[in-house]
**Student:** 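The structure follows.
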Amino acid sequence: MVVSILKRCLLLVFTMAFVQVNAQSIVGSWKRLSTTLEYLDGKKEDLQATLVKNMPCVVNTVYIFKADGTHYSQSTKECEMIDKMGMANWQLSGNLLTLQMKNQGNVKTSYTVTFSGNKMILTHLYTAEENKLTGTKVKQLITIYERL
């Protein structure tokens, strides 16, 4: 009987630890650390480095996910156009995040969300239709944010 109670307690501890790990929320303020585009041929492109090189002000941009399902960014004056382009509504179902961009024809894009410590990783797998539409051969886009 004591062994049974200990097993149940141990199971409860593991269950609570699992819930804690997976209960992280995207709600809050984030800094984008990297954005990597991976092509079907395995080649990778560091979009964040390119963006910073051409618009150094983006290093100060904060990405905000509000509890009401809205997403926006706050940038310095030099990067205000990013704020206008990034306005969206978001919805999270399990680990599937859907962003509906307000200023881009209400285009919806889905991402798988994972967490590692204070980092949030968004992974978008490109479909054949997206590649056809954009004239690209992209496998996935991985964006990493750090909680502020």
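What you see below is based on every heavy atom in this structure, not just the backbone, and it leaves out hydrogens, waters and symmetry mates.
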**Student:** Could you check if a side-chain atom of Met55 sits within less than 4.5 angstrom of a side-chain atom of Ile82, using non-hydrogen atoms only?
**Tutor:** yes
**Student:** Tell me the salt bridge (charged side-chain N to carboxylate O under 4.0 Å, His left out) pairs involving residues 133-144, sequence neighbours left out?
**Tutor:**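 Non-adjacent pairs meeting salt bridge (charged side-chain N to carboxylate O under 4.0 Å, His left out): Glu38-Lys139.
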**Student:** Donor-acceptor pairs under 3.5 angstrom involving side-chain atoms of residues 88-97: please list them, not counting sequence neighbours.
**Tutor:**
| unit_1 | atom_1 | unit_2 | atom_2 | d |
| --- | --- | --- | --- | --- |
| Trp90 | NE1 | Lys66 | O | 3.0 |
| Trp90 | NE1 | Thr70 | O | 3.2 |

**Student:** My understanding is that only residues two or more places apart in sequence, or in another chain, count here; which of them pass side chain to side chain donor-acceptor pair (under 3.5 Å) with Gln48?
**Tutor:** Arg32
**Student:** Once salt bridge (charged side-chain N to carboxylate O under 4.0 Å, His left out) is applied, what residue pairs with a partner in residues 40-64 remain, sequence neighbours excluded?
**Tutor:**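 Non-adjacent pairs meeting salt bridge (charged side-chain N to carboxylate O under 4.0 Å, His left out): zero.
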**Student:** Among all residues two or more places apart in sequence or in another chain, which pass the side-chain contact (heavy atoms from CB on, under 4.5 Å) test with Ser29?
**Tutor:** Val62, Ile64, Leu148
**Student:** If I take atom CG from residue Asn60 and atom NZ from residue Lys77, how far apart are they, to the nearest 0.5 angstrom?
**Tutor:** 15.0 Å
**Student:** Looking only at heavy atoms, which two atoms of Trp30 and Lys119 are closest? And how far apart?
**Tutor:** CZ3-C, 4.3 Å
**Student:** Hey, quick one: are Leu125 and Val113 part of the same hydrophobic cluster, counting side-chain heavy atoms closer than 4.5 Å, chains of contacts allowed?
**Tutor:**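 Leu125 and Val113: separate clusters.
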**Student:** Which heavy atom of Phe115 sits nearest a heavy atom of Ile26, and at what distance?
**Tutor:** CZ-CG2, 3.8 Å
**Student:** What's in the same ILVMFWY side-chain cluster as Leu33, cut-off under 4.5 Å, chained through other members?
**Tutor:** Ile121, Ile142, Ile144
**Student:** Distance check, rounded to the nearest 0.5 Å: Gln100 atom CD versus Lys108 atom NZ?
**Tutor:**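 Gln100 atom CD to Lys108 atom NZ measures 5.0 Å (nearest 0.5 Å).
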**Student:** Can you name the residues that form a side chain to side chain donor-acceptor pair (under 3.5 Å) with His71, not counting sequence neighbours?
**Tutor:** none
**Student:** Between atom CG of Asn131 and atom OG1 of Thr136, what is the distance when rounded to the nearest 0.5 Å?
**Tutor:**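 It is 4.0 Å, given to the nearest 0.5 Å.
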**Student:** Show me the pairs that pass disulfide bond (SG atoms under 2.5 Å apart) and involve residues 82-148, at least two apart or across chains.
**Tutor:**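 Of all non-adjacent pairs touching residues 82-148, none passes disulfide bond (SG atoms under 2.5 Å apart).
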**Student:** Please write out which residues are connected to Leu141 in a hydrophobic cluster, directly or through intermediates, given that two of Ile, Leu, Val, Met, Phe, Trp, Tyr count as joined at side-chain heavy-atom separations below 4.5 angstrom.
**Tutor:**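 Taking Ile, Leu, Val, Met, Phe, Trp and Tyr as members, Leu141 shares its hydrophobic cluster with Leu37, Tyr39, Leu47, Tyr126, Val138.
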**Student:** Quick one: list whatever passes side chain to side chain donor-acceptor pair (under 3.5 Å) with Glu78, sequence neighbours left out.
**Tutor:** Thr76
**Student:** Side chains of Thr36 and Ser34: is there a donor and an acceptor less than 3.5 Å apart?
**Tutor:**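 Ser34 and Thr36 do not have a side-chain donor-acceptor pair below 3.5 Å.
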**Student:** May I have all residue pairs that pass disulfide bond (SG atoms under 2.5 Å apart) and include part of residues 71-145, sequence neighbours excluded?
**Tutor:** Cys57-Cys79
**Student:** Just so I know, are the side chains of Tyr111 and Met120 near enough to count as touching, which here means a heavy-atom distance under 4.5 Å?
**Tutor:** no
**Student:** If the condition is side chain to side chain donor-acceptor pair (under 3.5 Å), which residues does Asp83 pass it with, not counting sequence neighbours?
**Tutor:** Ser73, Ser75
**Student:** Examine distances only and state if a side-chain atom of Thr127 and a backbone atom of Glu130 form a donor-acceptor pair shorter than 3.5 Å.
**Tutor:** yes
**Student:** Within this structure, what is the OH-CG distance for the pair Tyr63 and Leu122, rounded to the nearest 0.5 Å?
**Tutor:** 11.5 Å
